[in-house]
Protein chains: 2
Amino acid sequence: MAQPHELRERGLRLTPQRELVLAAVRELDHATPEEIAEKVRQTHPGINLSTAYRNLETLENVGLVQHSHLGHGGASYHASEEVAHLHLVCGTCGSVGDAPIEVASSFVNELSEDYGFRTDVSHFAVYGTCSTCSQKELE
Amino acid sequence: MAQPHELRERGLRLTPQRELVLAAVRELDHATPEEIAEKVRQTHPGINLSTAYRNLETLENVGLVQHSHLGHGGASYHASEEVAHLHLVCGTCGSVGDAPIEVASSFVNELSEDYGFRTDVSHFAVYGTCSTCSQKELE
DNA sequence: CTGAATCTGCGAATCATTCGCAAGTGGTCT
DNA sequence: AGACCACTTGCGAATGATTCGCAGATTCAG
């Protein structure tokens, strides 16, 4: 009995690499599978990239982590308990800024009411030009 | 003299494949490089995929075409003169719906005022669940 | 018509992600 | 503790999308 581990509780086996992947996602925020594997290697050198990918997928299925698409590159993972927020990706300098999800609430509501579309604003990045780069363009 | 071709006018050489790529982008809307190459092959069988990619990049540099990221897959190209609109991608069924860009105007304004971020709403898809799939979930 | 710079075709290289498979391990049931 | 089996892992190969290197072809200015 005793209280089951959070992974077991979701029907997953408890393996060192799985725990480490989850820990890495929680520690690094917005990390690519590659970066997560790299992090895990610090304590478990042998871990394979495929294993990182597979565990991220598994953890996502049970809702412990989620991924979003930031730049043109690959996906970026973060823990589910993290507060959801918008990602403002600058197409000019590549920086990624954050903004509270509330900024989009009226937009989300409108899409819901008019189109019946339930938006997950944090899944894809919001693309544009950051204030710094906008300034520079004026020069 | 005479009026220069729209491509020459932008400092580009006028090659058959380049014109065809541009024509294909205009004809097919939201096409992947692969689909564009396929289209071009109808009139110019020999065109190489790399050439399509290179020309799309070149055309994008001079502002004649633009690309956006719809699903997890590759980029999708469209002509610049096309009216910008939002892409509503359903994560469940994969469908891509459209919505006028005005729906996002207050959202865009807010980001601009509060964060100085100039948003290009049509570059990345808006991710979520379409009305059809939302319905099904309730059953 | 000629030359130089720009393009194109092609195959190889890259990057991110997924697969197949055999060997290893975790959890359950005795 | 011992045995079993399904789930996992490591590894290398397979994919799919995109980029690169290069030699030969083409465009366009003079």
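Bear in mind the structure is a predicted one, so any value in this text is a computation, not a measurement.
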Set of ring pair (Phe, Tyr, Trp, His ring centres under 6.0 Å) partners for [X], sequence neighbours left out:
X        : answer
B:His67  : A:His72, B:His69, B:Tyr77, B:His123
B:Phe117 : none
B:Phe107 : A:Phe107

| query | Hey, can you pull the residues of residues 49-57 of chain A with a non-hydrogen atom under 4.0 angstrom from DNA chain D? | reply |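 Listed by number, they are A:Ser50, A:Thr51, A:Arg54, A:Asn55.
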| Where along residues 19-38 of chain A does a heavy atom fall under 4.0 Å from DNA chain D? |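 Within residues 19-38 of chain A, no residue comes under 4.0 Å of DNA chain D.
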| field | salt bridge (charged side-chain N to carboxylate O under 4.0 Å, His left out): pairs with one or both residues in residues 115-129 of chain B, sequence neighbours excluded | value | A:Glu137-B:Arg118
| task | Write out all pairs satisfying salt bridge (charged side-chain N to carboxylate O under 4.0 Å, His left out) with one or both partners inside residues 78-94 of chain B, taking only residues at least two apart or from two chains. | result |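 Only B:Arg26-B:Glu81 qualify under salt bridge (charged side-chain N to carboxylate O under 4.0 Å, His left out).
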| query | Between the two ends of the helix from C:dC1-D:dG30 to C:dT30-D:dA1, what is the bend in degrees, rounded to 10 degrees, where each end axis spans five pairs? | reply | 30°
| query | Excluding sequence neighbours, so at least two apart, what forms side chain to side chain contact (heavy atoms under 4.5 Å, CB included) with B:Ser95? | reply | B:Cys90, B:Cys93, B:Cys130
| said: Taking side chain to side chain contact (heavy atoms under 4.5 Å, CB included) as the definition, give me every residue that meets it alongside A:Ala99, ordered by chain and number, with sequence neighbours left out. | reply: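 A:Ala99 satisfies side chain to side chain contact (heavy atoms under 4.5 Å, CB included) with A:Leu86, A:Leu88, B:Leu111, B:Tyr115 once adjacent residues are dropped.
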Only distances under 3.5 Å count here; give the side-chain donor-acceptor pairs of residues 13-24 of chain B to other protein atoms, sequence neighbours excluded, each with its distance to 0.1 Å.
from	atom 1	to	atom 2	distance (Å)
B:Thr15	OG1	B:Arg18	N	3.1
B:Arg18	NE	B:Asn55	OD1	2.9
B:Arg18	NH1	B:Arg13	O	3.2
B:Arg18	NH2	B:Asn55	OD1	3.4
B:Glu19	OE2	B:His5	NE2	3.2

Listing, residues 37-48 of chain B side-chain donor-acceptor contacts under 3.5 Å, not counting sequence neighbours, or none:
from	atom 1	to	atom 2	distance (Å)
B:Glu38	OE1	B:Arg41	NH1	3.3
B:Lys39	NZ	B:Glu27	OE2	3.0
B:Arg41	NE	B:Ile47	O	3.4
B:Thr43	OG1	B:Val40	O	3.2
B:Asn48	OD1	B:Ser50	N	2.8
B:Asn48	OD1	B:Ser50	OG	2.9

